[in-house]
Amino acid sequence: MRFCRNELAESGLLERSPNPADRRQNIIALTGPGRRRLVKLDGLLTEVEDHVLAPLTEPERAELARVLTAVVDHHGQHM
């Protein structure tokens, strides 16, 4: 399920309020239900990672993360 900020606020997962220091900005904060949803999604992500990366040892997983980070960092600098 994909949400935009307005839908997240309308669904009660986050609150948006004016920044007292700069009324042109908003302060966005997770609500209780938003925190619970985040914890649930984090658990699901861990399950998926464990399933997809099952054939790799912990050192191999760390190496994969290191290599993928290098690729993302490289392309992020050139965008």
Side-chain angles (χ1 to χ4, degrees):
M1 181 180 298
R2 187 172 178 187
F3 286 100
C4 73
R5 286 179 302 197
N6 288 337
E7 291 168 333
L8 291 170
E10 290 168 6
S11 66
L13 298 175
L14 64 79
E15 294 174 333
R16 189 179 325 145
S17 58
N19 180 348
D22 185 345
R23 307 281 291 168
R24 297 170 295 174
Q25 297 177 342
N26 286 313
I27 296 174
I28 298 174
L30 286 173
T31 61
R35 281 188 209 85
R36 288 189 291 279
R37 175 74 61 91
L38 181 60
V39 168
K40 180 180 178 180
L41 292 174
D42 190 46
L44 290 172
L45 179 59
T46 298
E47 288 178 27
V48 169
E49 284 179 353
D50 287 343
H51 177 73
V52 170
L53 302 177
L56 302 179
T57 64
E58 285 301 320
E60 290 169 332
R61 289 180 185 201
E63 179 65 8
L64 177 62
R66 186 192 67 74
V67 170
L68 291 174
T69 299
V71 170
V72 169
D73 288 348
H74 170 79
H75 289 286
Q77 294 173 0
H78 296 92
M79 294 184 88

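All figures in this text were calculated on a predicted structure; none of them were measured in a lab. Just so it is clear, the values below take in all heavy atoms, side chains as well, and ignore hydrogens, waters and symmetry mates.
Judged by distance alone, the side chain of Asn26 and the main-chain N or O of Ile28 form no donor-acceptor pair under 3.5 Å. Between the side chain of Arg23 and the backbone N or O of Pro18 there is no donor-acceptor pair closer than 3.5 Å.
Between the CD atom of Glu15 and the CG atom of Leu8 there is a distance of 12.5 Å, given to the nearest 0.5 Å. In this structure, Gln25 CD and Arg16 CZ are separated by 13.5 Å, a value rounded to the nearest 0.5 Å. For the atom pair Thr31 OG1 and Leu38 CG, the distance stands at 11.0 Å (nearest 0.5 Å).
Val52 and Leu68 fall within the same hydrophobic cluster, defined by Ile, Leu, Val, Met, Phe, Trp and Tyr side-chain heavy atoms under 4.5 Å apart, directly or through other members. One hydrophobic cluster holds both Leu64 and Val48 under the rule that ILVMFWY side chains link at heavy-atom gaps under 4.5 Å. Linking ILVMFWY side-chain heavy atoms closer than 4.5 Å, directly or via other members, places Val39 and Leu13 in two distinct hydrophobic clusters.
Legend: side-chain hydrogen bond (donor to acceptor under 3.5 Å, both in side chains) pairs involving residues 58-73, not counting sequence neighbours, sorted by first then second residue: Asp50-Arg61, Thr57-Glu60, Glu63-Arg66.
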